[in-house]
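Step one of this worksheet: look at the structure below.
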Protein chains: 2
Amino acid sequence: MYSLSEENYLKAIFHLQEESKDAVSTNAIAERMDTKASSVTDMVKKLSEKSLVVYIKYQGVHLTEEGRLVAVKVIRKHRLWEVFLVDKLNFSWDQVHDIAEQLEHIQSEKLIDKLDTFLGQPKFDPHGDPIPDKQGNFSQTHNKVLSDLRVTNIGICVGVKESEEEFLQYLSRHDIGIGSQITVLNKEEYDGSMLVEIAGKELFISVEIANNIYIN
Amino acid sequence: MYSLSEENYLKAIFHLQEESKDAVSTNAIAERMDTKASSVTDMVKKLSEKSLVVYIKYQGVHLTEEGRLVAVKVIRKHRLWEVFLVDKLNFSWDQVHDIAEQLEHIQSEKLIDKLDTFLGQPKFDPHGDPIPDKQGNFSQTHNKVLSDLRVTNIGICVGVKESEEEFLQYLSRHDIGIGSQITVLNKEEYDGSMLVEIAGKELFISVEIANNIYIN
DNA sequence: TCAAATTTTTAGACAAGCCTAAAAAATAAT
DNA sequence: ATTATTTTTTAGGCTTGTCTAAAAATTTGA
Ligand SMILES: [Mn+2]
Ligand SMILES: [Mn+2]
Ligand SMILES: [Mn+2]
Ligand SMILES: [Mn+2]
């Protein structure tokens with residue numbers, strides 16, 4: 001249906017749209033996709049031609065309904081494959097993203113349906129990210145992060161914002177994973193850093209990290 | 001490492017080499033890959049440049065050790081994925097080839113190792129084709145076909161030569177699958193067609209079909 | 001407000017992988 | 001031994017997706 005490159009652009013635009021609300025800029029896409037702005041302009045014109053995005057020169061793009069659906073289907077595949085890799089093949093959560101980046105482009109409706117069934121229709125991937133259903137609806141989306149907590153508050157880790165291998169490994173090293181209970185022992189209001197307790201151990205966490213841990 | 005297209009050419013050359021023994025011709029590759037001879041010449045030059053094939057103008061190609069290894073690794077991945085699709089996702093044997101054609105290009109040593117373990121290190125794919133090990137060695141290869149049998153002989157189906165969807169569906173419709181017992185009731189020596197008995201039912205089979213069923 | 005800095009687009013080029021049409025080599029037929 | 005046919009290669013072109021360098025538009029800010 002759509003090329004690997006087109007799918008990757010749509011996915012990037014979807015994620016950028018989630019973060020910013022208003023039109024996505026050429027430079028933002030270029031940075032996210034690790035490519036040049038001129039390449040983005042070219043592709044965005046093609047996507048616009050195919051009615052997958054609305055593009056106004058010098059004003060950025062946003063997805064059409066069709067474009068959003070394509071993006072969400074790719075995200076659904078990515079996250080289902082990540083569940084497969086962790087639950088069935090025993091990969092750790094920091095090893096699956098790059099493989100899923102490849103698997104997300106396999107074209108077969110039936111394959112995804114059957115994979116979904118095989119995995120027990122999971123609602124979240126190994127990083128706590130919600131898996132949209134076939135129609136493209138997300139059950140719910142995380143909003144509270146660790147840095148929102150105040151001293152003495154307790155939170156349960158339900159997801160992570162970033163999926164960089166190094167970040168996930170850092171978390172694993174300190175026994176932080178989906179389901180971990182985190183207690184705020186102390187908080188430095190000046191820079192937002194905090195001292196927390198996880199699995200009986202104390203850990204000092206910077207605000208950059210606390211911003212990337214979703215909690216309930 | 002190597003592009004999707006390169007991998008497909010190497011795989012095609014490997015299969016043609018198996019059939020013919022001597023150098024593989026440009027036209028043979030073109031026909032198998034459903035492309036033009038001029039495209040094959042282009043690619044074959046590239047593969048030769050990369051020491052994956054030995055190419056002499058007007059005299060065809062054959063794989064180098066490295067080229068063979070790349071081809072066999074792709075075949076290993078193809079067949080392991082087919083086992084996954086049939087054994088784990090409940091696909092029927094006639095539905096898996098096209099999906100495996102995509103999955104065979106996913107790049108990750110670790111993924112294949114873990115998939116192999118997850119599947120219980122199968123030695124044959126759903127069509128009875130042998131799965132090479134990590135080093136590229138095939139356990140054994142089928143040689144006897146149904147058409148070799150004589151009247152009153154009994155054979156067990158251990159594989160099929162073709163994996164076309166229509167052919168596999170024809171076999172399934174007549175209860176022929178891996179493990180089926182086939183008895184030759186009658187054979188027309190003129191055209192090689194035969195009357196056989198499978199699962200208590202009689203069936204008339206042309207020599208083209210009998211040539212594509214491996215038996216032991 | 002108008003010049004400077006930044007962002008975005010355009011112009012032109014390139015590699016990969018394919019194509020058609022024509023030329024060259026090899027093979028088959030007379 | 002030529003001629004005819006088939007196979008293979010070459011030449012040139014096209015599409016996709018990328019790039020660099022330069023031009024144009026927008027935004028910043030003095
Ligand atoms: Mn991921
Ligand atoms: Mn994920
Ligand atoms: Mn197959
Ligand atoms: Mn097979």
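Note that these values count all heavy atoms, side chains included, but never hydrogens, waters or copies made by symmetry. We name chains A, B, ... by the order of the sequence lines, and we start the count at 1 in each one. Owing to the predicted nature of the structure, the values given are computational and were not obtained by experimental measurement.
Among the atoms of the strands shown, only primed sugar atoms or phosphate atoms (P, OP1, OP2) are found under 4.0 Å from some heavy atom of A:Ser5. Nucleic acid contact for A:Thr26: sugar-phosphate only, since backbone atoms but no base atoms lie under 4.0 Å from a heavy atom of the residue.
The CE atom of B:Met43 sits 12 Å away from the C1' atom of C:dA15 (whole-angstrom rounding). The separation between A:Ile29 atom CD1 and D:dG17 atom C1' is 15 Å, rounded to whole Å. Going from atom NZ of A:Lys46 over to atom C1' of C:dT9 covers 15 Å, rounded to whole Å. The nearest whole Å value for the distance from the CD atom in A:Glu49 to the C1' atom in D:dT16 is 15 Å. Separating the NZ atom of A:Lys36 from the P atom of C:dT7 is a distance of 14 Å, rounded to the nearest angstrom. To the nearest angstrom, P of C:dA26 lies 7 Å from OH of B:Tyr58. In this entry the distance linking NZ of B:Lys57 with P of C:dT27 reads 16 Å, nearest Å.
Between the side chain of B:Ser38 and the base of D:dT8, no donor-acceptor pair under 3.5 Å is found.
Between A:Tyr214 and A:His142, the two ring planes are tilted [angle within 30° to 60°]. A perpendicular orientation is assigned to the rings of B:Trp81 and B:Phe84, their planes being inclined by more than 60° (bins at 30° and 60°).
Ion pairing between A:Glu109 and A:Lys134 holds under the 4.0 Å rule for side-chain N and carboxylate O.
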Using the rule given for side-chain hydrogen bond (donor to acceptor under 3.5 Å, both in side chains), can you reason through A:Ser25 versus A:Asn27, listing the C-alpha separation, both sets of side-chain angles and the distance that settles it, and then say yes or no?
CA-CA 5 Å; A:Ser25 76; A:Asn27 264 4; over 6 Å; no
